[in-house]
Amino acid sequence: MIEIVAAFARWSQLVANLIIFGSCIFLAIAGQEKAVFGTPWATRLERGFPWLAGIILIGLLGILATTAGEATGVAANAWRPDAWLEVVQQTRMGQMWAARALFALVLLGAILYIRHTYRVRWHYILGAVTASLPLIAGSLVSHSAAEEISVISIFPYALHILLAGAWFGALPAFLLIIFNKKESDKPLDLLSTESLKKFSTIALPVMVVLMLTGFIIADRMVEDDYHALAASAYGWLINMKLMLLAIILVIAYRARAKWLPSLTQVDYVEQIQRGGQQLKKWVSIEFILAIIMVLCATILSNTIPAKHAIVENWPYSFRFSIDATWNEPNTPLLVWSGVVLLILAAGSVWLGIKNKWEIKKRVGIPASLTIASLAIALPPLAVDAYPETYQNTPVPFDAISISNGSILFSQNCTSCHGPQGKGNGMLAKTFNPPPADLLTEPHTARHTAGDFFHWLTYGIAETGMPGFSNNMSEEDRWDVVNYMHGMSRGYQARLLSPMVVPEKPSIGPPIFSYFAHDGSSGYLKDFRQKRNVMLVLFTWPQSQARLQELIASYDKLRELNTVILAVPMNKLDQQEIMQIAADMPFPVATEGAEEIKNSYVLYRRTLTHPDILGEGVIPEHLEFLVDRFGYLRARWIPDRDDSGWDNMDFLKQQLVQLNSEKEILPPPRDHVH
């Protein structure tokens with residue numbers, strides 16, 4: 001119940017605020033002719049302003065009350081003023097509410113001033129400015145508040161809501177003018193006609209920019225998770241908004257191009273009557289649809305964005321994927337053919353308007369071309385999907401999960417897929433089709449983590465692959481999924497070298513936790529936004545000379561904002577580790593070392609040593625550079641790279657490069673998708 005009250009409070013105050021804002025803009029534009037202020041429709045419009053301002057204040061009070069109940073988890077706090085005060089004093093949302101309430105009071109004062117003074121145009125400009133303040137402040141408590149607060153992040157939200165007000169808020173004035181028309185067979189008076197023409201002139205560009213800012217905001221809230229548009233509450237609300245907007249645009253176009261001009265036809269009584277009836281009917285419908293669209297927007301602002309939506313059960317047996325299908329025969333040809341038809345459909349709309357085609361032809365030709373374009377372009381992009389396809393892995397992509405997955409893969413999958421997942425196991429030749437190559441083929445890029453989980457659970461029909469739901473727990477199956485993604489990422493990492501490629505972070509390494517010989521502990525994520533991490537996987541005593549080099553240079557490396565974590569690759573007991581690390585100024589991992597080794601050796605392959613046959617060859621020593629943003633940026637393998645970090649000046653150059661870079665990507669995700 002409290003959610004319904006909260007939604008109604010947010011919606012009612014937003015509608016009232018938008019109407020005041022848009023109406024003031026309308027009056028300021030129409031007020032170029034001072035006589036407008038004495039017209040009956042202008043008087044009636046202005047008479048409603050104080051009531052609308054009151055609705056804003058009551059709505060804001062309702063928002064505060066319901067927020068107090070929701071934030072504290074105690075519904076009764078919605079009725080307690082002391083709980084409201086606590087929210088205002090102790091939360092950022094409460095502080096923003098106080099700013100909105102203050103601006104709403106300023107707006108009420110401006111309206112009362114306008115109501116009791118001689119009407120001049122600048123009064124309505126003042127009204128529009130003061131009405132914009134609660135709207136702009138309101139944009140700071142929507143999804144924009146979850147981003148870094150800056151002009152760039154806030155501007156699209158604020159501009160979008162102001163443009164919505166300029167269009168939607170002016171509709172009541174439009175309706176008052178056409179319903180104030182006394183005789184249905186008489187043309188509109190000159191003042192009203194000019195007022196509507198001025199509004200109609202600005203309405204189109206306002207709607208265009210409104211749509212552009214809407215797309216920018218939607219893109220931020222969706223990012224790459226387009227599937228959520230068809231399987232989440234946020235997606236369906238956006239779809240409903242788009243559908244309503246399409247209908248509204250059609251009505252607005254017809255009103256501007258046909259019905260409004262007919263009201264000025266002095267010599268055509270029948271056209272005036274028909275145009276007036278159509279205008280009253282359809283602009284009323286437009287206003288109602290706009291109110292519903294504002295309601296959708298209000299709910300959207302308090303709905304989990306598509307990029308964070310959890311799609312536990314994908315309801316369709318297919319999905320569209322360019323990555324998975326683009327290299328298939330004929331796919332590019334069919335997709336581009338569909339795009340051409342879609343362009344022709346858009347062109348036919350323009351031709352229909354220009355040449356004044358009859359309505360059946362004007363609608364039928366674009367619709368037929370659009371349907372044909374979708375029928376040609378979409379099927380080649382379709383791939384099988386399952387209920388789990390878009391599930392996020394509940395298990396992080398970390399060293400523990402990958403290490404456990406490697407053991408499970410070895411026990412259950414190597415007889416078919418081979419010890420390295422190459423699809424060349426002992427039983428591989430008995431299957432038709434042969435087992436998939438999970439190492440060098442881009443399966444993990446073309447399929448989701450949920451796809452792999454489904455296949456591990458239920459098997460794949462007509463391939464011989466069984467399901468493992470009876471052999472592995474759900475968590476174990478997700479561990480195997482993480483291991484397969486680790487194999488795939490490791491193979492992609494063969495492009496890494498001892499040299500940092502400037503401004504090109506791309507590979508997210510496995511995260512891990514550790515306990516060290518000196519009592520320290522932590523997570524790889526602890527160093528994000530702070531320091532680079534040099535991860536040294538060593539074998540004792542083979543790596544002794546290299547460790548001495550690092551000990552001698554550690555102070556200089558720390559000056560370059562870099563920490564070292566040493567991880568033993570061979571089995572060492574606690575006493576051996578303490579002896580090895582006696583003079584080391586950097587930590588040596590004791591607990592967690594085995595898991596770190598098992599996950600990071602997947603990143604051992606190079607272009608010159610692909611290492612895809614047999615069991616694979618694990619080097620005795622590997623070193624990795626993880627930048628302060630969490631990306632794996634460089635790797636040195638002494639017995640495979642001709643030149644490397646044994647040249648400390650060269651290593652320092654790479655660290656200087658990392659330190660000079662600004663963040664150009666968000667931190668890598670800790671879960672595979």
Side-chain angles (χ1 to χ4, degrees), residues 9-29 31 45-46 48-65 67 84 87-89 91-117 119-147 149-173 202 206 209-210 213-214 217 294 297-298 301-302:
R10 288 190 292 267
W11 170 75
S12 60
Q13 66 85 26
L14 179 59
V15 168
N17 203 335
L18 291 173
I19 290 176
I20 294 177
F21 177 72
S23 297
C24 285
I25 289 178
F26 189 99
L27 287 168
I29 293 172
L45 183 65
E46 186 185 301
F49 285 177
W51 296 99
L52 292 170
I55 291 174
I56 295 173
L57 289 169
I58 294 171
L60 287 172
L61 190 62
I63 291 172
L64 179 61
T67 299
W84 305 352
V87 169
V88 172
Q89 291 176 334
T91 68
R92 180 179 179 277
M93 182 178 294
Q95 292 163 3
M96 290 308 305
W97 179 91
R100 295 169 71 188
L102 176 62
F103 290 145
L105 288 171
V106 172
L107 173 60
L108 177 60
I111 286 173
L112 293 176
Y113 171 76
I114 293 170
R115 287 281 293 144
H116 294 89
T117 58
R119 281 25 165 210
V120 291
R121 191 181 178 204
W122 73 264
H123 288 168
Y124 298 102
I125 296 175
L126 173 66
V129 170
T130 53
S132 72
L133 298 178
L135 293 173
I136 294 172
S139 69
L140 296 176
V141 294
S142 64
H143 292 305
S144 63
E147 304 177 16
I149 301 299
S150 66
V151 173
I152 294 176
S153 65
I154 298 300
F155 182 74
Y157 294 89
L159 181 60
H160 184 73
I161 196 67
L162 293 178
L163 291 170
W167 157 69
F168 166 73
L171 289 178
I202 69 164
V206 164
V209 182
L210 179 67
T213 54
I217 294 169
V294 173
T298 304
S301 66
N302 291 274

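In what follows, residues are counted from 1 in the order of the sequence shown. These numbers come from a predicted model, not from an experiment.
- Between S23 and L45, the closest heavy-atom pair is OG-CD1, 3.6 Å.
- Two residues are said to be in side-chain contact when any heavy atoms from C-beta on lie closer than 4.5 Å; F168 and V15 meet this criterion.
- By the 4.5 Å heavy-atom criterion applied to side chains, F49 and I114 are not counted as neighbours.
- Shortest non-hydrogen contact noted between S12 and G59 is OG-CA, 4.4 Å.
- Applying the 6.0 Å contact sphere to CH2 of W122 captures more than 12 heavy atoms from other residues, nucleotides or ligands.
- Scanning all heavy atoms of the two residues, the minimum distance from L210 to L163 falls at N-CD1, 3.7 Å.
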Quiz: residues 126-134 side-chain donor-acceptor pairs under 3.5 angstrom, not counting sequence neighbours:
{"unit_1": "T130", "atom_1": "OG1", "unit_2": "L126", "atom_2": "O", "d": "3.0"}
{"unit_1": "T130", "atom_1": "OG1", "unit_2": "G127", "atom_2": "O", "d": "3.0"}
{"unit_1": "S132", "atom_1": "OG", "unit_2": "V129", "atom_2": "O", "d": "2.5"}

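- Note on ring orientation: taking the six-membered ring where Trp is involved, the planes of Y113 and H123 are perpendicular (angle over 60°, cut-offs 30° and 60°).
- For the atom pair CG (L52) and CD1 (I19), the distance works out to 5.5 Å, reported to the nearest 0.5 Å.
- With values rounded to the nearest 0.5 angstrom, M93 atom CE is found 11.0 Å from L64 atom CG.
- Residues I136 and I154 fail the side-chain proximity criterion, which asks for heavy atoms closer than 4.5 Å.
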If you apply the rule side chain to side chain contact (heavy atoms under 4.5 Å, CB included), what do you find for L14 with L135, and how did you get there? CA-CA 8 Å; L14 179 59; L135 293 173; 3.8 Å; yes
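- One finds the CD1 atom of I161 at 9.5 Å from the CZ atom of F21 (value rounded to the nearest 0.5 Å).
- Taking every heavy atom of both residues into account, R10 and Q13 meet most closely at O-NE2, 3.2 Å.
- For the salt bridge (charged side-chain N to carboxylate O under 4.0 Å, His left out) condition, the pairs that include at least one residue of residues 101-115, sequence neighbours left out, are E46-R115.
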List, one per line, each side-chain donor-acceptor pair under 3.5 Å for residues 94-106, sequence neighbours excluded.
{"unit_1": "W97", "atom_1": "NE1", "unit_2": "L60", "atom_2": "O", "d": "2.6"}

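- Across all their heavy atoms, Y124 and L27 have their closest contact at CE2-CD1, 3.5 Å.
- Using a 4.5 Å heavy-atom cutoff, the side chains of I20 and I56 are in contact.
- Between atom CD1 of residue I111 and atom CH2 of residue W51 there is a gap of 13.0 Å, rounded to the nearest 0.5 Å.
- When every heavy atom of L18 is checked against every heavy atom of A164, the shortest pair comes out as CD2-C, 4.4 Å.
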